[in-house]
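Chain naming here is simple, since letters A, B, ... match the order of the sequence lines and numbering starts at 1 in each. What's counted below: heavy atoms across the whole structure, side chains too, no hydrogens, waters or symmetry copies. On a predicted model such as this, the values are computed, not experimentally measured, just so you know.
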Protein chains: 2
Amino acid sequence: MKISELSRRTGVPVASIKYFLRQGLLPAGRATAATLAEYGDEHVQRLRLIKALTTLGGLSIAATRDVLGAVDQADSSEGALGAISYALPVPVAAQGAAGPEEEAEADESAAAEVAELLATLEWQAPDTSPHVLGLTAALKELRRLDARYGPGELAAYAALAESVARLDLERAVGVEDPVALAERAVIVFAICAPVFELLRRLAQENQVRRRVAGADADSTPPR
Amino acid sequence: MKISELSRRTGVPVASIKYFLRQGLLPAGRATAATLAEYGDEHVQRLRLIKALTTLGGLSIAATRDVLGAVDQADSSEGALGAISYALPVPVAAQGAAGPEEEAEADESAAAEVAELLATLEWQAPDTSPHVLGLTAALKELRRLDARYGPGELAAYAALAESVARLDLERAVGVEDPVALAERAVIVFAICAPVFELLRRLAQENQVRRRVAGADADSTPPR
DNA sequence: GTAACTGGATACTTCAAGTATCCAGCCGCA
DNA sequence: TGCGGCTGGATACTTGAAGTATCCAGTTAC
């Protein structure tokens with residue numbers, strides 16, 4: 001099919017498709033002449049995935065390119081799932097240190113807290129993992145805000161996270177084709193995270209409602 | 001204190017502080033003369049919160065303004081927690097419909113699925129809640145990607161979300177001062193969400209590692 | 001008194017994410 | 001064979017967010 005039909009079938013404007021081609025998110029079509037190329041169903045599928053990642057997953061174009069790159073490597077290497085996980089943007093950017101001395105101390109103590117958590121849970125992760133670094137940065141900042149996690153609280157969250165991750169993994173098993181598996185993994189990792197966040201918000205809302213109603217029989221819904 | 005000291009104490013450049021003042025994120029200092037104003041500890045605290053929300057929480061300036069506005073209303077109204085929850089950006093933007101006919105059908109069926117979930121869990125939420133709308137949009141898109149949740153899977157996630165929300169709420173109780181409570185709630189809602197996401201990623205990584213090791217004794221770490 | 005600093009307004013910069021325009025080449029149809 | 005309308009590709013332009021920088025008149029500490 002030509003670009004105009006690709007556009008019609010996916011609802012993505014032609015100019016945007018060209019943009020994605022330029023950015024390397026979408027492989028070029030099979031050129032049949034100097035000014036003509038043929039696109040296939042795989043382009044439709046890929047375009048849908050791009051749309052889902054950017055709109056639902058909230059990924060930037062650059063992050064989407066990295067993630068899709070990991071997907072395309074997936075047929076060869078076994079660590080595809082890990083590569084995809086690492087390609088996804090970390091929700092907490094580890095910023096550089098500000099104060100030169102007391103910073104280091106806070107940094108170290110947050111790192112120790114993370115290390116202890118990982119040891120307790122018997123989770124393995126390299127110290128250089130972006131997730132470990134992000135977690136450290138977050139704990140440090142929470143401490144500065146006087147809102148650190150109480151003892152055991154972080155472990156309780158981690159235990160729930162493990163349950164969630166188990167569900168995630170279950171959704172991915174049973175897919176045999178490595179490329180399809182990689183795509184499924186991307187969807188589970190990138191799109192189901194916001195879904196869980198929504199569920200959490202709804203649950204919070206409900207608990208607040210229940211608590212308010214229980215406290216003073218005021219059944220006013222939030223706002 | 002003057003603006004330069006406020007800058008020194010928080011590490012935020014003077015120009016940025018002025019920007020935040022312009023954007024209404026930070027209340028103006030108490031003017032002592034035409035070109036002089038006095039800032040206090042509350043400005044330091046507020047600035048820290050702004051930094052945490054934008055860098056750790058990933059909020060935009062506009063979202064941060066909305067959230068802080070909800071915090072400032074918190075001393076008066078009771079539904080402060082709900083207002084804050086609604087002021088936070090929804091991770092899934094509900095996009096407008098593309099195709100005029102079959103879209104509506106998919107939309108409806110996704111909405112029905114969400115309604116059923118809420119009914120099963122005995123969660124109450126207005127149909128117009130941004131969280132409900134976002135969830136509907138996400139389910140619709142997942143269906144289009146052939147990656148819908150299996151029966152019961154969504155409920156399983158929701159049950160875990162409820163446990164997480166319970167932990168969230170526990171972290172907020174015990175704070176009496178309404179303003180402090182609102183600030184705590186913002187931190188819990190906006191910053192602990194990324195933290196949980198990090199924990200989930202670490203857990204995923206670990207499960208993948210374990211699974212790979214178990215499957216073929218290949219202990220290669222991801223990437 | 002004057003150099004350095006301040007608050008406030010306005011202009012400028014940078015980046016991401018598209019959109020729009022232009023151009024030559026090609027396709028189908030008369 | 002001619003030709004209007006598409007096509008791929010390159011390049012230029014637009015928009016919005018998030019700061020930065022500059023300017024200016026008032027103030028303050030030495």
Whole-Å gap separating P (dG19(D)) and CG (Leu59(B)): 12 Å
If you count every heavy atom of other residues, nucleotides or ligands that lies below 6.0 Å from Asp127(A) atom CG, does the total exceed 12? no
Let me know the distance between CZ of Arg65(A) and P of dG18(C), rounded to the nearest Å. 13 Å
Provide, to the nearest angstrom, the distance between the CD atom belonging to Glu38(B) and the P atom belonging to dT28(D). 12 Å
Tyr19(B) has a side chain; which of dG19(D), dA21(D), dT6(C) sits nearest to it? dG19(D)
Measuring to OP1 and OP2 of dG8(C), would you say a side-chain N or O of Thr35(B) lies under 4.0 angstrom away? no
Angle class for the Phe196(B)/Phe196(A) ring planes (parallel below 30°, perpendicular above 60°, tilted otherwise)? parallel
Between P of dG8(C) and NZ of Lys2(B), the distance in whole Å: 14 Å
Under a plain distance cut-off of 3.5 Å, with no hydrogens placed, do Glu205(A) and Trp123(B) share a side-chain donor-acceptor pair? no
Round to a whole Å and report the spacing from CD1 of Ile61(B) to P of dG19(D). 5 Å
Rounded distance in Å - CG (Leu36(A)) to C1' (dT7(D)): 6 Å
Option from Arg143(B), Lys140(B), Arg148(B) for which side chain to side chain donor-acceptor pair (under 3.5 Å) with Glu113(B) holds: Arg143(B)
Separation of dA21(D) atom P from Ile17(B) atom CD1, nearest Å, is 14 Å
May I ask you to say whether Arg201(A) pairs ionically with Glu197(A), meaning some side-chain N is under 4.0 Å from a carboxylate O? yes
Any side-chain N or O of Thr54(B) below 4.0 angstrom from OP1/OP2 of dA18(D)? no
Winner on side-chain proximity to Ala34(B), out of dT20(D), dT27(D), dG7(C), is dT27(D)
For Ala15(B) and for Arg22(A), find the nucleotide of DNA chain D with the closest heavy atom, then tell me which residue's nucleotide is more 5'. Arg22(A)
Contacts of Pro13(A) and Ala33(A) projected onto DNA chain C by closest heavy atom; the upstream (5') one is Pro13(A)
Can you find an N or O donor on one side and an acceptor on the other, under 3.5 Å apart, linking the side chain of Lys18(B) with the base of dG8(C)? yes
Nearest of dC6(D), dC26(C), dC5(C) to any side-chain atom of Ser4(A)? dC6(D)
Can you tell me the distance, in whole Å, between the NE2 atom of His43(A) and the P atom of dT7(D)? 15 Å
Relative to the 5' end of DNA chain D, which residue comes earlier, Ala62(B) or Met1(A), by the nucleotide with the nearest heavy atom? Met1(A)
